[in-house]
Amino acid sequence: MDDVKDTQAKERGGAGVPEVPSAFSSAVEALQTARLRPQVEVEPTPAPQRLAPYAHALEAVVLDGEQELADGRLVLLHDPAGHDAWHGTFRLVTLVRAELEPEMAADPLLPEVCWSWLTGALQSRGLTCGEPSGTVTRASSHYFGGLSERPPASQIEIRASWTPLEGLGGVPDTAAHLASWCDLLAQVGGLPPAAPGDGSVVTLPQRRGPQPR
């Protein structure tokens, strides 16, 4: 918890800053209890400072051996006073990216399918969220001149945000939201779903918890 306080003190200007709300500290600490697939590596990353009074960010990559299948960023925002657009005091914001096979990139229904992966990942863990919004962007790159030997490449990008349901003490189940987000990353990266009770699913190591920046 001291790391959380140190981080927020730096963000808010140092000495004299009010103590970090207990709901936010608890929500950040709960992230460390999430059980994640070993193919998904999660690390803390500097959080944006102007989206909310308190913020904590994680970045993740999906690996198959040494091959990177997908990557993303998840930001937990908190405004104790509430936010009209959120309809709550917490908000989760994400960016997910992955390279696509040409056949998949050509599918006209791909954006709708990718958005359904996000909502489905949340629903599969019984999570209720409010005010979901976002975009799905499909981009293609073609190379010319000195780069003409490179094959065309396509990428999908999902940007989304949603308001997690607040539970006891006004704290959302951030561990479940992180796990569902990693499910989305794995699916976008092309990994098969993890079987129920899969022993390879592990708890996020403590060393990857909130750190000062």
Side-chain angles (χ1 to χ4, degrees), residues 26-43 56-64 68-78 86-101 104-105 107-138 155-205 208:
S26 297
V28 172
E29 290 175 348
L31 291 169
Q32 298 184 41
T33 67
R35 294 179 61 79
L36 310 178
R37 297 175 63 161
Q39 299 96 331
V40 182
E41 295 188 355
V42 180
E43 297 286 353
H56 181 74
L58 298 170
E59 60 183 7
V61 60
V62 180
L63 297 173
D64 180 13
E68 184 174 311
L69 302 179
D71 66 90
R73 190 183 195 209
L74 183 69
V75 182
L76 175 67
L77 304 176
H78 179 54
W86 301 353
H87 291 183
T89 63
F90 283 91
R91 188 76 171 172
L92 284 159
V93 181
T94 185
L95 165 66
V96 172
R97 298 174 298 195
E99 298 295 325
L100 296 174
E101 296 294 332
M104 180 177 287
D107 187 342
L109 297 179
L110 180 65
E112 288 81 2
V113 170
C114 288
W115 184 256
S116 73
W117 287 346
L118 169 62
T119 57
L122 295 168
Q123 293 170 1
S124 68
R125 292 184 179 270
L127 294 171
T128 300
C129 62
E131 307 303 319
S133 62
T135 62
V136 177
T137 304
R138 174 173 41 193
Q155 185 182 70
I156 194 73
E157 179 180 276
I158 304 172
R159 293 179 179 268
S161 63
W162 63 92
T163 299
L165 178 68
E166 296 174 15
L168 186 65
V171 181
D173 188 353
T174 51
H177 281 274
L178 174 58
S180 68
W181 178 69
C182 289
D183 291 343
L184 170 66
L185 272 171
Q187 189 165 19
V188 171
L191 294 181
D198 189 341
S200 67
V201 178
V202 297
T203 302
L204 186 66
R208 291 174 178 164

Got L100 and L110 here, is their nearest side-chain heavy-atom distance under 4.5 Å?
yes

Per-pair distances, 0.1 Å, donor-acceptor, side chain in residues 120-132, under 3.5 Å, sequence neighbours excluded:
| unit_1 | atom_1 | unit_2 | atom_2 | d |
| --- | --- | --- | --- | --- |
| S124 | OG | G120 | O | 3.3 |
| S124 | OG | A121 | O | 2.9 |
| R125 | NE | D183 | OD2 | 2.8 |
| R125 | NH2 | D183 | OD1 | 3.4 |
| R125 | NH2 | D183 | OD2 | 3.0 |
| E131 | OE2 | H87 | ND1 | 3.0 |

Can you give me the closest heavy-atom contact between A179 and R35, atom names plus distance?
CB-O, 4.1 Å

Just verifying a value: how many Å separate L31 CG and L36 CG, rounded to the nearest 0.5 Å?
9.5 Å

Measuring from T174:OG1 to H78:NE2, what's the distance to the nearest 0.5 Å?
12.0 Å

Shortest non-hydrogen pair, G72 vs L185, comes out as N-CD2, 3.9 Å

Which atom of W181 lies closest to which atom of V96, heavy atoms considered:
NE1-CG2, 3.5 Å

Please report the interatomic distance CG(L178) to CG(L76), rounded to the nearest 0.5 Å.
10.0 Å

Between L74 and L92, is there a side-chain heavy-atom distance shorter than 4.5 Å?
yes

Please tell me if the side chains of E68 and L63 come closer than 4.5 Å, counting only heavy atoms from C-beta onward.
yes

Shortest non-hydrogen separation from V40 to A60 and the atoms involved:
CG1-CB, 4.2 Å

By side chain to side chain donor-acceptor pair (under 3.5 Å), which residues pair with R97, not counting sequence neighbours?
D71

Got a sec, which pairs hit salt bridge (charged side-chain N to carboxylate O under 4.0 Å, His left out) with one end in residues 108-123, sequence neighbours left out?
none

Applying side chain to side chain contact (heavy atoms under 4.5 Å, CB included), can you list everything that pairs with V136, at least two apart in sequence or on another chain?
P111, C114, W115, I156, I158

List the atom pairs, with distances to 0.1 Å, where a side-chain N or O of residues 159-168 and a protein N or O form a donor-acceptor pair under 3.5 Å, not counting sequence neighbours.
| unit_1 | atom_1 | unit_2 | atom_2 | d |
| --- | --- | --- | --- | --- |
| R159 | NE | E157 | OE2 | 2.9 |
| S161 | OG | R91 | NE | 3.4 |
| S161 | OG | R91 | NH2 | 2.9 |
| S161 | OG | S133 | OG | 3.4 |
| W162 | NE1 | H177 | ND1 | 3.1 |
| T163 | OG1 | W86 | O | 2.7 |
| T163 | OG1 | R91 | NH1 | 2.7 |
| E166 | OE2 | T89 | N | 2.9 |
| E166 | OE2 | T89 | OG1 | 2.6 |

